[in-house]
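Okay, structure first, notes after.
Quantities reported herein were computed from a predicted structural model and do not represent experimental measurements. Below, chains carry the letters A, B, ... as their sequence lines are ordered, and counting in each starts from 1.
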Amino acid sequence: MSDCDDNDAGWIFYKDRPDWSDVKPVPEDDGPTPVVVIAHSEKFEDVYDYFRAVLQNDEKSERALELTKDAVELNAANYTVWQYRRELLKALGTDLRSELDYVESVIRLSPKNYQVWHHRRVLVEWLQDPSHELDLTEEALLQDPKNYHAWQHRQWAMKTFGLYDTEIEFVDSLLTEDVRNNSAWNQRYFVHNNYTGWSDINVQKEISYTLEKIKFVKNNESAWNYLRGVLIHDKRGLNGNGLVTSFCEELYRNRCRSPFLLAFIIDACEDAIKKNEADGCHNAIRAIELCDALATKYDKIREKYWKYLSNRFQKYKSENGDNHSV
Amino acid sequence: MNNEEYNILAQRQHSKYFMRFLNVLPSSLSSHDTTRVTIAYFSVSGLDVLGSLSSISIELRNRIIDWIYRLQVQPDKETGDMSACGFQGSSTVNIDFNADNKLYRCGHLAMTYTGLCILLTLGDDLSRVNRKAIIEGVKALQTEEGNFSATLSGCESDMRFVYCAACISYMLNDWSGFNIKRATDYIMKSIAYDYGIAQFPELESHGGTTFCALATLSLTNQLDQLTEEQIEGLKRWLLLRQIDGFQGRPNKPVDTCYSFWVGASLKILNSLQLSNYASNRSYVYETQDIVVGGFSKWPDTCTDPMHTYLGLAGLSLIGESGLLEIVPTLNITKRAHDHLKSLHEQWANES
């Protein structure tokens with residue numbers, strides 16, 4: 001957030017305002033040895049000198065409420081200003097609906113500020129009215145689809161007030177817009193975890209959905225991670241779902257070498273080994289081949305990691321006899 | 001750009017850069033008004049990593065220490081209540097209050113954590129720290145869910161402050177204000193389906209919060225609560241963050257600060273050596289301003305103290321020559337950590 005100019009037209013310093021003449025400003029006392037001193041504008045100093053004064057006097061008045069607006073405008077990250085503002089709202093019985101509008105306008109200016117979203121949340125809790133939260137966060141997410149604050153507020157409102165009905169459509173629209181939007185994939189998981197549930201039918205539906213998205217962009221970590229997350233709810237594990245297995249094998253046969261595909265097959269091999277399936281060594285050999293391919297060709301930046309994984313499979317193979325040949 | 005000429009640490013410029021921030025900042029940084037202690041931390045610890053702590057004169061050192069101590073909130077004189085104790089981030093509301101509104105003057109966990117880091121780095125013996133009061137202040141901020149709020153005065157609670165609370169408890173060698181079991185449960189619930197760790201249960205995995213969670217588990221000796229599957233999943237998730245430098249989330253742009261957040265997370269899991277140091281290093285150097293010092297998040301953008309410090313700390317993790325070793329959990333140098341250990345011994349002998 002940038003500092004406001006001293007020369008905004010019509011601005012009158014608090015120290016020059018007749019209706020504030022009864023208040024003695026309280027300058028910041030930074031002690032005899034200040035460091036990391038911010039050379040604040042004159043306006044900033046003036047507003048905060050008066051803010052300190054009303055805070056110290058515990059003045060609960062309309063003019064104090066207005067003053068907190070000026071203080072917020074100069075530094076929306078000052079949590080004491082927001083806390084005092086909330087105390088004022090309570091003491092003055094201010095219309096909280098207009099406060100919702102106000103904080104919405106501040107969120108528009110500072111959508112990545114912790115304090116503004118916290119203020120919003122407290123207001124919604126006070127009002128027990130979440131009817132604008134989906135729209136508000138949607139607007140913030142249309143501007144920045146990965147805004148963590150907006151997602152956090154949205155999840156909070158949805159969980160607290162049960163607002164799940166239309167979320168899957170919203171998530172779908174975000175993924176149609178950008179299939180690599182990891183936040184949207186995470187939200188999809190959130191909806192199923194809390195609302196739709198992970199019935200066998202739903203798991204199968206989500207798998208089909210995800211495979212379609214992977215077909216469209218194969219080198220998309222978010223979709224592959226989601227697939228893995230859905231399969232947590234499939235009792236057959238990573239390697240037991242026929243639809244997934246044949247999808248992966250077909251991609252592989254068609255020469256797709258996305259590191260995420262190869263990593264998925266490696267994990268499926270590991271899953272098979274862990275389940276003590278008969279062809280453990282065969283799976284280990286395949287995993288080693290894929291690790292080596294990743295290390296030397298398809299994901300060289302993680303060469304050391306894939307070699308590390310390869311060694312783990314080597315160890316398994318040598319401990320369990322490698323008389324099977326491929 | 002992999003131009004070797006630029007892959008050289010502009011040590012002198014970075015030292016000057018931090019020295020400037022210790023002095024006076026432009027009004028454009030007014031939004032950092034309540035968190036000046038963190039800027040002091042980036043600068044002081046940054047100078048330490050650079051091996052340039054001697055740039056800080058004895059006089060300046062004492063000024064910084066005295067300034068930090070002035071921000072310590074003391075127990076209530078009348079009731080003895082310690083719930084507001086800790087360090088403030090600046091003197092913006094460092095004023096006297098009456099009984100009704102005194103909670104506006106309260107410590108903030110991130111400021112207490114970074115304030116203590118500064119004192120340790122400058123070789124202070126923490127003798128003026130009211131340890132019991134600070135621990136009571138930490139205790140007052142742990143929530144039902146197991147995470148921590150930043151302050152008593154109306155703030156959000158999340159993984160960041162779990163980390164700060166853990167660092168404070170570790171540095172003061174007193175865990176009586178930190179319920180380890182509840183915090184560990186919170187961390188476990190925040191592990192996502194992709195094995196990364198989020199700010200809050202069910203949110204998206206994030207490199208910064210994954211660091212906070214892993215460092216906390218390490219400081220509380222709870223890393224063994226992670227299953228092998230979770231540890232291997234975390235290693236994979238963290239290593240996949242490397243593009244050249246590191247990104248904080250899948251499909252997000254690379255950013256200098258994640259060379260520390262993700263790098264330190266990997267270091268805590270003894271797996272940093274599985275990453276590609278050369279690419280990481282090149283990226284961080286692309287964000288270096290060799291003329292006036294500092295690092296930025298992206299090449300050719302504005303530098304700031306946080307990215308400068310974390311860029312250097314990230315380089316230190318991969319053994320960049322000319323930089324002091326960093327302790328990944330606390331994010332201070334090993335030198336400062338050794339000083340802390342000697343204080344712990346001293347306290348043990350005193351009790």
Side-chain angles (χ1 to χ4, degrees), chain A residues 1-3 26 28-41 44 48 52 55-56 58 74-80 82-84 86 114-115 117-118 121-122 146 148 151-152 155 180-183 186 189-190 193-194 220-222 225-226 228-229 232 263 301-305 308, chain B residues 21-37 39-40 43 60 62-64 66-67 70 91-98 100-101 104 150-151 153-156 192-194 199-200 202-206 235-236 239-240 242-244 249-252 273-276 279:
Chain A
M1 191 169 155
S2 69
D3 189 16
V26 178
E28 178 174 3
D29 176 9
D30 210 4
T33 63
V35 291
V36 208
V37 175
I38 301 176
H40 293 301
S41 66
F44 188 102
Y48 275 89
R52 271 183 289 275
L55 192 66
Q56 195 167 36
D58 207 14
L74 291 160
N75 179 14
N78 188 319
Y79 48 90
T80 314
W82 285 109
Q83 177 66 14
Y84 192 59
R86 285 189 288 274
Y114 285 97
Q115 286 71 33
W117 288 103
H118 180 71
R121 174 166 160 172
V122 175
K146 299 174 183 179
Y148 210 87
W151 282 115
Q152 183 164 2
Q155 285 199 354
R180 291 185 177 84
N181 182 345
N182 196 60
S183 308
N186 185 73
Y189 206 81
F190 173 79
N193 248 353
N194 290 282
N220 176 8
E221 183 187 351
S222 302
N225 284 347
Y226 184 78
R228 219 180 287 263
I232 292 172
I301 194 160
R302 271 166 286 279
E303 179 190 355
K304 289 180 188 147
Y305 171 68
Y308 153 81
Chain B
F21 275 96
L22 277 176
N23 193 18
V24 177
L25 319 181
S27 64
S28 59
L29 293 177
S30 281
S31 64
H32 296 276
D33 181 54
T34 60
T35 54
R36 283 163 55 205
V37 169
I39 297 176
S43 305
L60 177 58
N62 293 339
R63 268 175 57 198
I64 298 169
D66 289 345
W67 181 72
R70 277 190 94 251
S91 50
T92 307
V93 288
N94 193 353
I95 46 179
D96 287 326
F97 289 104
N98 60 37
D100 293 336
N101 56 357
Y104 288 117
T151 80
S153 169
C155 259
E156 69 281 2
Y193 62 83
D194 60 9
Q199 185 80 283
F200 207 83
E202 299 198 89
L203 277 169
E204 184 184 4
S205 303
H206 188 287
K235 284 183 195 170
R236 166 92 58 90
L239 288 162
L240 281 173
Q242 184 161 28
I243 305 301
D244 40 15
R249 298 182 250 167
N251 293 323
K252 287 270 285 179
Q273 71 283 358
L274 299 179
S275 69
N276 187 317
S279 300

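- Residues A/Glu221 and B/Leu240 meet the side-chain proximity criterion, which asks for heavy atoms closer than 4.5 Å.
- Side-chain atoms of B/Arg63 come within 3.5 Å of backbone N or O of A/Pro34 as a donor-acceptor pair.
- Under a 3.5 Å cut-off, the side chain of B/Arg36 and the backbone N or O of A/Val35 do form a donor-acceptor pair.
- In this structure, a donor-acceptor pair under 3.5 Å is absent between the side chains of A/Glu28 and B/Asn94.
- Per-residue counts of heavy-atom pairs under 4.5 Å with chain A were compared for B/Thr151, B/Asn98, B/Asp66, B/Ile39; the largest is that of B/Thr151.
- With a 4.5 angstrom heavy-atom cutoff, B/Arg70 touches chain A only via side-chain atoms.
- Using a distance-only test at 3.5 Å, with no hydrogens or angles considered, no donor-acceptor pair links the side chain of A/Gln152 to the main chain of B/Leu203.
- Neither the backbone nor the side chain of B/Ser43 comes within less than 4.5 Å of any heavy atom of chain A.
- For the pair A/Arg86 (side chain) and B/Gly154 (backbone), a donor-acceptor distance under 3.5 Å is present.
- Side-chain N/O atoms of B/Ser30 and A/His40 include a donor and acceptor closer than 3.5 Å.
- Closest approach of A/Lys304 and B/Gln273 over heavy atoms only: CD-O, 3.1 Å.
- At least one donor-acceptor pair under 3.5 Å links the side chain of A/Arg302 to the backbone N or O of B/Leu239.
- Between the side chains of A/Asn220 and B/Asn251, at least one donor N or O sits under 3.5 Å from an acceptor N or O.
- Side-chain atoms of A/Asp30 and B/Ser91 form a donor-acceptor pair, as typed in the model, at a separation below 3.5 Å.
- For the pair B/Asn23 (side chain) and A/Val36 (backbone), a donor-acceptor distance under 3.5 Å is absent.
- Put simply, the side chain of B/Arg236 never gets that close to the backbone of A/Tyr305: no donor and acceptor are under 3.5 Å apart.
- No side-chain heavy atom of B/Asp194 sits under 4.5 Å from any side-chain heavy atom of A/Arg228.
- A donor-acceptor pair shorter than 3.5 Å cannot be found between the side chains of B/Ser153 and A/Gln83.
- Between the side chains of A/Glu303 and B/Asn276, not a single donor N or O lies within less than 3.5 Å of an accepting N or O.
- Distance alone, capped at 3.5 Å, places no donor-acceptor pair between the A/Arg180 side chain and the B/Pro250 backbone.
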